[in-house]
Structures are given as structure tokens and as C-alpha cells.
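First comes the structure, then the notes that go with it.
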Amino acid sequence: MVRFSIFVKKEFLHIFRDVRTMLLLLAMPMIQLIIFGYAITNEIKNTPFAVWNESNCNPATQLIQKINGSQYFDLTGYYTSVGEINKAFQQGKIKMAVIIPNQFGNDLFHTGKADLQIIADASDPNEASAVTSYVQQIIMQFQQESSPEKTIPYAIRQEVKMLYNPQSESAYNFVPGIMGLVLMLICSMMTSISIVREKEQGTMEILLVSPVKPIFIVLSKAVPYFLIAMIDVISILLLSRFLLHVPIEGNIFLILLLCMTFTLSALSLGLLISSITKTQQAAMLISGIGLMLPTILLSGLIFQIENMPLILRLVSDILPAKWFITAIKDVMIKGLGFTAIWQECAILTGMTVFLLFVSIKRFKNRL
Amino acid sequence: MKSSDNHITSSSDSTGNPSGFMIETGNLTKKFGDFTAVDHISFQVSKGEIFGFLGANGAGKTTAMRMLCGLLSPTSGKGRVAGFDIYKEQDNIKRNIGYMSQRFSLYEDLTVKENMRLFGGIYGMDNKDIKTKTADSLQELGLGSEQNLLVKYLPSGIKQKVAFAVSVFHSPKIVFLDEPTGGVDPIARRKFWEMIYRASEQGITIFVTTHYMDEAEYCNRVSMMVDGRIDALDSPVNLRTQFNARNMDEVFRSLARKAKRIFP
């Protein structure tokens, strides 16, 4: 144990004495979060939309004019079938469609209640939810303005349909994503670089000639990065809660437990990378292009996994980050408990054990 | 764990090392596929000896040294280091040797003192031992305020002396020096060899590879490796007589000329 603590202390000294590493480890996560946080508050203006007006009554036309008249929406055309609307969505001509059924006017006139449907392109969930909430506000205003004074106000029931992303993932998507990215970066990239640096500088040779067991060397590398990763997780959670006002629905301890599980899998991935590379550049390339890129693109951080082709979905299955992001969304945003995420936890643990086993075996064989 | 290390060290003299040689090899061989890097080498090194291990680049010096340090498993042949078998007792060997590579191999972002403390800890020395030994080493190195400087700020001559001090910090029985004086000026090299002599006087066996033939003259005995074999092994004086040479440089040239291995 004494030896181990000496090693851990040495690793901390390496980190503390390198200002760039320190900045990368502690400042970058927060900067990323803030950039992403403010980048997603996208103003929605002049969103192209289409109408399928079966009713052709006065209120319907007025409503369409009111939507078109707002600064948020631009009417691009009228359609008369679902096929046409779908095509327009697929071609990206419209982001939203309003469908007014033919009994709309009648219903409204006789019963004061009527239905209409709003369809939004939810492949960008943040934009879609903003779009639908704007159009809903406009419809609410319309209800109040146009109801005859004598009777109770009109009630227009809207059925909202999110195309391509039926669950309409929350706008807070990016916080779990950033956590996944940061933990991956710190644990995989930094750990692998710090081990490979010792190979490059020749100090690894000295350690291997010494009676220290390889597992000690490896574990002592992992400890400081694990602790720093936890500091980052806590600072990200605090920032997103109090600066970006992202609600944290689930149990905070479950969130931390999940982060630790994922951190361990990322650490073991870093160890594996370090055992197959000889230079810091190679380690950086493999963890940068081989890990960060798929994590950003395939783990659901930016694009919806459900919309991906089968082959990419299969690739995303082997990324630890995918399981982490799925689980942390369930806990953090939907407020679900452990029973909802035990599968993801089991998969992450399994990956960790496998990666650790392979990398320690490889590390030994190299001697 | 810490205390048992020292017990093994002290008891091995009587039980594990009957021949009294610090290094002993018999037909030690290492093959990488079809390529024989080290070809049936046999030699002995006695306690406190300064043993020069010479050869052209690619002659197999580093491979041989790595086998002796327990970093590589031999293909065939026998070998004992500090009385321990190089096949089965690598852990015991590692506890009893020191190692300094051509790259100085200190942590550049730690201070001299921190490096000593780290390596003392790695070899299981307790805090008290580390303190006294650090004071001794710093005095021998003649370092004043530099002891708290990060190693990367030291001039290379001092770095190399510190690296040697660290490699013998835990009082090993044998220290392996792999081209320790590369890129260092003649005066610093001279001072470095003074340190080697002092270590040897304290009973530490020195196993050193070098490309500087003037350094070969400082060794008690010198072996010359050609194409993986040891083609000559004797004291510098005897080697000069044997090869009818004025200095070690000529001995080296006449042997290295026979080499058939060509490396790109």
C-alpha cells in the first residue's frame, strides 16, 4: 500500500505540474458545457411550414393567416395528401405542417370544440419542441381572440405528432452527452497518453526492471484520473443545474454511481489503448479519432440512434458512451430509478471487466 | 511486503549464490524468429567487478542485458543473476539490481529529491532509509539548491549523475548501465566514472555497455560482442596484447570488422 500511495502521488504531481493538462482536465469540461448550453437556445424564425386545409372555413383560413403572419413561420404551400406532406418533410422543404380536418369549421361553430393536427420534424428535437410550442401559443391566442363573446371560448384541441423522433428527446439532451464526452476524453485519452509518455521517455523501462507489479503501475495511473473525472462530473452537474437550469429529476447518487461505472469503463479503454500504442501521438490519434468521433456522432449525443441505419446502430452498441448516455438520460431527465437502467449498468460493467482483462494481459505480455 | 524484500536480499548470499559470481551465463541464446540476436554467450562476473559489455550497434548487447534484467525470456541456455535463475526468479532478480538506460530515465517533472524518494519507495525502502540515503546521495552529487529543481532544468551532465545515483539508491548488488554516457562532455564523463568506481568500492557490481573506447579502459574486464557472440573477453591490458593493439579502439576495430550482420 505504501508503494501504491507513492505511485499515486507521483501521478498527481505529473498532472499538477503540467498547466496544459490541468486546464484540459478541469476547465475544458465547463467551457464545453457552457458553449453547448448557449448554442442550443436557438431562436426559431421564419420556419417553413405547410397546410393541408380540408375545411376551408373562415376560422381555418384566419388561423392559417395568423400563423403565417407571425415572425416565426412562413407558409410555403398547401397540400392535399399525407404523401405530399411526407415528401415535403423528407426534402426538407418544411419543418412543420398543420392539418385541419374538414369538419373543423362545423365542429367549432356548433360545439365550440375542434381538432387539428400539428406535425413537426423532430430529427432535431430541440428545434421541433420549440416549433410546436410556438405554434401552440399562436393557436391559444387565436382561440381567445376569435371566440364569440357571448359563449364560452373555442377549444381547439391539437394533436402534436413528432416525426422521426417520436419520444421527442428533451432539449437537455446535451448535458448527458457532454458528460459522456468529457469522461471519455479524460479517462481514455489522458490515461493512455500518460502511460505511453512513460514508454516514450524511457521511465517505463525503469519501472519494468523494478520489482513493482505492472498492475500497480496501471492502477496508480487510473486513480488520479478517476478522481478528476468525478470532480468534473460534479462541476458539470452544478453548472447545468444552476447556470443552465437543467432540471435533475433522478436520484443524484444513482447519477454518480452511473458516472463512476462509465468512468471505469473509459479508464480500462484508455489502458487498452496504451497497451497497443508506442507513441503519445498514436495514443492521441486512436483515442481522438477512434473514440471521440464515434462517441460524438454515434452515441446519441447529436443524432438520434433510432434514426440510424442498422449497421451504425450495431456500431453504436459497442461504444460504452452509448449505454452511459441512454442510462443517464433515463435517470437525469426522466427521473427513472435503478430498475430502468440495470441493463445498461450491467453492460458497462461487463465491458469494463473485459477491457481490463485484455489490457492487463497485453501489458504483461509486452515485458 | 517491504520488510521481506530486505530479508531475501540478505539471505540469498549464503543460500542462493553458491558459485559466488554475481552474473553467470552458459550458452545463453535469444532468437527472434529465424534471427539469432544473442548466440550462445557464456561469461561470469564477480562481485564488485566493473564489467564492460562492448559491441557494435546491433551486436546483441541490449538483448543480452534485457535477458539478464528479467525483461526478456531467453530462448535457451542458463543464466543466474545475483544468484537467482533468470527463468524462474525474475522477481528476486529485480529486487537486487539497479538499471540506468541511455535516456537518463528520470521523471523530468519531478525534482531530484522526489525522484529519489519515488525510487526508494518502489524498492521498498522505509522512510528513514530514504532520508539518510537521500542526504548521502545529494552530498556525493554535490548538489545544493539544485536538489529542489525539476530534473528537466538540470544540465545533462548532472542529470546523468543523478540518474546513476538513483539507480544505486536502493544499494543493489548489481547495476546495469546501458550506454550511460551518451551525449555527455569528457569532463562530465570522467566525473561519472569516478562515481562508478566509488559504487564498485562499496561492493556493487557494475555491468556497463559503452561506445567510448576510453571508457572501456576503465573497466576491470571487457567483453566484445560480434554478431551475437562474445568473441573476446579479458582485461583491457590482456586484450591489447592479444590483438597486438595500442589501445581498445584498435581491438574494437579488428573485431567489429569481422561482423557479417548488416543493418539498414
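Quick caveat, the model's predicted, so the values are computed rather than measured. Just so it is clear: chains get the letters A, B, ... in the order the sequence lines come, proteins before strands, and each one is counted from 1.
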Between atom [atom1] of [X] and atom [atom2] of [Y], what is the distance when rounded to the nearest 0.5 Å?
{"X": "B/Ser101", "Y": "A/Met204", "atom1": "OG", "atom2": "CE", "answer": "13.0 Å"}
{"X": "A/Lys10", "Y": "B/Asp109", "atom1": "NZ", "atom2": "CG", "answer": "8.5 Å"}
{"X": "A/Gln201", "Y": "B/Lys152", "atom1": "CD", "atom2": "NZ", "answer": "9.5 Å"}
{"X": "B/Leu106", "Y": "A/Ile206", "atom1": "CG", "atom2": "CD1", "answer": "8.0 Å"}
{"X": "B/Tyr99", "Y": "A/Ser210", "atom1": "OH", "atom2": "OG", "answer": "12.5 Å"}

| message | Could you tell me if A/Glu198 and B/Tyr107 have a donor-acceptor pair between their side chains, going purely by distance under 3.5 Å? | response | yes
| Under 3.5 Å, is there a donor-acceptor pair between the side chain of B/Lys94 and the main chain of A/Leu208? | yes
| Among the listed options B/Leu118, B/Ile93, B/Asp91, the residue most often paired with chain A at heavy-atom distances under 4.5 Å | B/Leu118
| request: Would you mind checking which part of B/Phe176 comes under 4.5 Å of any heavy atom in chain A, side chain (CB onward), backbone (N, CA, C, O), both or neither? | output: neither
| task | Side-chain contact test, heavy atoms from C-beta onward, threshold under 4.5 Å: evaluate it for A/Phe7 versus B/Ile122 and give yes or no. | result | yes
| request: Check whether any side-chain heavy atom of B/Arg117 sits under 4.5 Å from a side-chain heavy atom of A/Ile6, and report yes or no. | output: yes
| B/Phe32, CZ: over 12 other non-hydrogen atoms inside 6.0 angstrom | yes
| Flag if over 12 foreign heavy atoms under 6.0 Å of CZ, A/Phe354 | no
| said: Assess whether a salt bridge exists between B/Glu114 and A/Arg17, defined as any Lys/Arg side-chain N lying under 4.0 Å from an Asp/Glu carboxylate O. | reply: yes
